[in-house]
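For reference, the structure discussed in these notes is given below.
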Amino acid sequence: MKKLEQLYEGKAKKVFKTDDPKLYIVEYKDDATAFNGEKKGQIAGKGAVNNVMSNIVFQLLEQKGVPTHFVEQLSDRETVVKAVEILPLEVITRNVSAGSFAKRYGVEEGIVFENPTFEFSYKNDDLGDPLMCESHALALGLATEEQIETIKKYTAVVNETMKEFFLEKGLKLIDFKIEFGLYDGEVILADEVSPDTCRLWDVKTNEKMDKDRFRRDLGNVEETYQEVLKRVQK
Ligand code: UDP
């Protein structure tokens with residue numbers, strides 16, 4: 001497979017064309033941003049952690065019946081993926097209150113929900129990724145009713161699978177954001193699953209083991225990403 005010209009550079013990844021029009025190569029960067037790009041930095045080694053971790057989780061999810069864009073890992077930072085058209089919806093599920101949920105409703109972090117929540121944000125940097133209800137996503141034609149039903153079904157499996165998987169690694173899955181794309185007209189899981197996109201708390205200490213260490217300047221950022229990868233690889 002030949003890596004051809006760069007198609008796109010995002011905040012955390014670059015996407016390259018290949019000699020197969022149905023495949024891209026993603027390259028994960030160490031760049032980190034938070035608060036809609038207001039806070040910028042680097043987390044040494046993050047690109048490799050997020051790449052390898054996403055690939056492990058995506059392969060597990062495939063086994064559970066969730067189709068993903070994963071094709072083949074090329075190096076610690078590069079992976080061949082299916083060339084999807086990303087749906088402009090960030091899909092967020094929460095098991096425990098944290099982050100924008102805690103802020104929006106004026107509650108503390110750490111409230112364990114009896115049932116996981118499900119929400120969309122409109123993927124639009126200029127607007128700051130606003131919260132979006134389902135009928136608005138439909139009204140704007142961002143996805144069809146059928147696609148949204150499929151997304152809900154897959155997201156529930158992603159949550160249950162990842163909750164169990166991370167718990168075995170001593171990590172509580174607090175919340176996460178995933179993205180879906182269309183490949184041959186079918187909805188498949190794309191983007192990444194990593195400490196950038198999931199909140200993970202240590203089971204014993206409740207220590208934050210995710211990007212909140214960077215967002216909130218909690219220290220040991222690099223070390224924490226490496227520790228998460230080490231646990232996930234066990
Ligand atoms: N998240 C993400 N990208 C975003 C917004 C959120 O990956 O642009 C993840 C975030 O890491 C967390 C979950 O989605 O695991 C819920 O985030 P929240 O809505 O609480 O927003 P935040 O506190 O990150 O602003």
Side-chain angles (χ1 to χ4, degrees), residues 10-13 26 28-41 43 46-47 49-51 53-54 57-58 68-69 86-113 115-134 137 142 151-152 154-156 158-163 165-167 169 171-181 189-202 206-218 221 224-225 228-229 232:
K11 285 179 276 197
K13 294 185 282 292
V26 289
Y28 285 70
K29 306 191 288 182
D30 286 349
D31 295 348
T33 61
F35 313 119
N36 196 30
E38 262 172 59
K39 183 180 168 100
K40 286 193 178 77
I43 301 173
K46 173 173 87 77
V49 169
N50 289 6
N51 181 40
M53 175 167 166
S54 285
V57 174
F58 278 18
T68 78
H69 73 170
I86 292 280
L87 295 170
L89 292 169
E90 301 199 330
V91 178
I92 295 173
T93 278
R94 305 173 189 271
N95 297 303
V96 177
S97 66
S100 73
F101 182 97
K103 198 171 165 208
R104 173 171 296 113
Y105 300 115
V107 297
E108 75 266 33
E109 297 198 309
I111 303 167
V112 179
F113 303 143
N115 293 302
T117 66
F118 180 91
E119 77 205 43
F120 290 128
S121 288
Y122 179 31
K123 219 172 122 65
N124 184 316
D125 280 339
D126 294 339
L127 301 176
D129 298 342
L131 185 68
M132 180 177 258
C133 65
E134 199 176 311
L142 304 182
I151 287 171
K152 283 184 182 167
Y154 288 157
T155 301
V158 171
N159 187 38
E160 288 313 311
T161 304
M162 295 209 302
K163 235 169 40 179
F165 174 73
F166 287 126
L167 205 54
K169 317 292 183 184
L171 296 166
K172 280 192 263 188
L173 179 63
I174 304 304
D175 59 29
F176 62 87
K177 183 269 301 177
I178 49 180
E179 295 180 20
F180 291 90
L189 184 63
D191 195 48
E192 65 177 283
V193 166
S194 71
D196 275 8
T197 62
C198 301
R199 283 196 170 90
L200 300 163
W201 294 359
D202 183 82
N206 271 340
E207 206 183 336
K208 297 187 194 315
M209 306 283 287
D210 54 57
K211 199 163 110 179
D212 275 345
R213 300 207 75 81
F214 168 78
R215 291 188 189 100
R216 303 179 189 185
D217 297 317
L218 300 176
V221 183
T224 301
Y225 274 74
V228 170
L229 179 62
V232 164

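Reckoned from all heavy atoms, side chains included, excluding hydrogens, waters and symmetry mates. Just so you know, ligand 1 is whichever comes first in the structure, and atom 1 is the first atom listed for that ligand.
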Heavy-atom nearest neighbour in the protein, as seen from atom 20 (O) of ligand 1, with distance rounded to 0.1 Å:
S100 N, 2.8 Å

Less than 4.0 Å between a side-chain N and a carboxylate O, is that true for D175 and R199?
yes

Nearest-neighbour protein heavy atom for atom 7 (O) of ligand 1, which is reported as residue plus atom name and distance
K177 CE, 3.2 Å

Provide the number and element of each atom of ligand 1 under 4.0 Å from a heavy atom of C198.
15 (O)

Determine whether the aromatic ring centres of residues F101 and F113 are separated by less than 6.0 angstrom.
yes

Based purely on interatomic distance, does D175 place a nitrogen or oxygen under 3.5 Å from a nitrogen or oxygen of ligand 1?
yes

How does D210 reach ligand 1, by side chain, by backbone, by both or by neither, if only non-hydrogen atoms under 4.0 Å count?
neither

To the nearest 0.5 angstrom, please state how far the CD1 atom of I174 sits from the CD1 atom of I111.
12.0 Å

Have a look at ligand 1 and work out which part of K211, if any, has a heavy atom under 4.0 Å from it: side chain, backbone, both or neither.
neither

Where on A34 is there a heavy atom closer than 4.0 Å to ligand 1, on the side chain, on the backbone, on both, or on neither?
neither

At the 4.0 Å heavy-atom cut-off, does R94 count as touching ligand 1?
yes

First locate atom CG of L173, then atom CE of M162, and finally report the distance between them rounded to the nearest 0.5 Å.
5.0 Å

Non-neighbouring partners of S194 that pass side-chain hydrogen bond (donor to acceptor under 3.5 Å, both in side chains), sequence neighbours left out
N50, E192

Is R216 salt-bridged to E109, cutoff N-O under 4.0 Å?
yes

Mind checking what makes salt bridge (Lys or Arg N to Asp or Glu O under 4.0 Å) contact with D30, not counting sequence neighbours?
R77

Could you identify the single nearest non-hydrogen protein atom to atom 11 (O) of ligand 1 and state the distance to 0.1 Å?
R215 NH2, 2.9 Å

Here the atoms of ligand 1 under 4.0 Å from any heavy atom belonging to R199 are 12 (C), 15 (O), 16 (C), 17 (O), 18 (P), 20 (O), 22 (P), 23 (O), 24 (O)

Quick one about K172 and N206 (side-chain donor to acceptor, distance below 3.5 Å, no hydrogens or angles considered), yes or no?
yes

With heavy atoms and a 4.0 Å threshold, my read on which part of E90 contacts ligand 1 is side chain

Heavy-atom closest pair, residues W201 and S97:
CH2-O, 4.2 Å

In terms of atom number and element, which parts of ligand 1 are under 4.0 angstrom from non-hydrogen atoms of G99?
20 (O), 23 (O)

Can you list the atoms of ligand 1 that are under 4.0 Å from a heavy atom of D196?
7 (O), 11 (O)

Under 4.0 Å from a heavy atom of D129: give me the atoms of ligand 1 that qualify, with their elements.
8 (O)

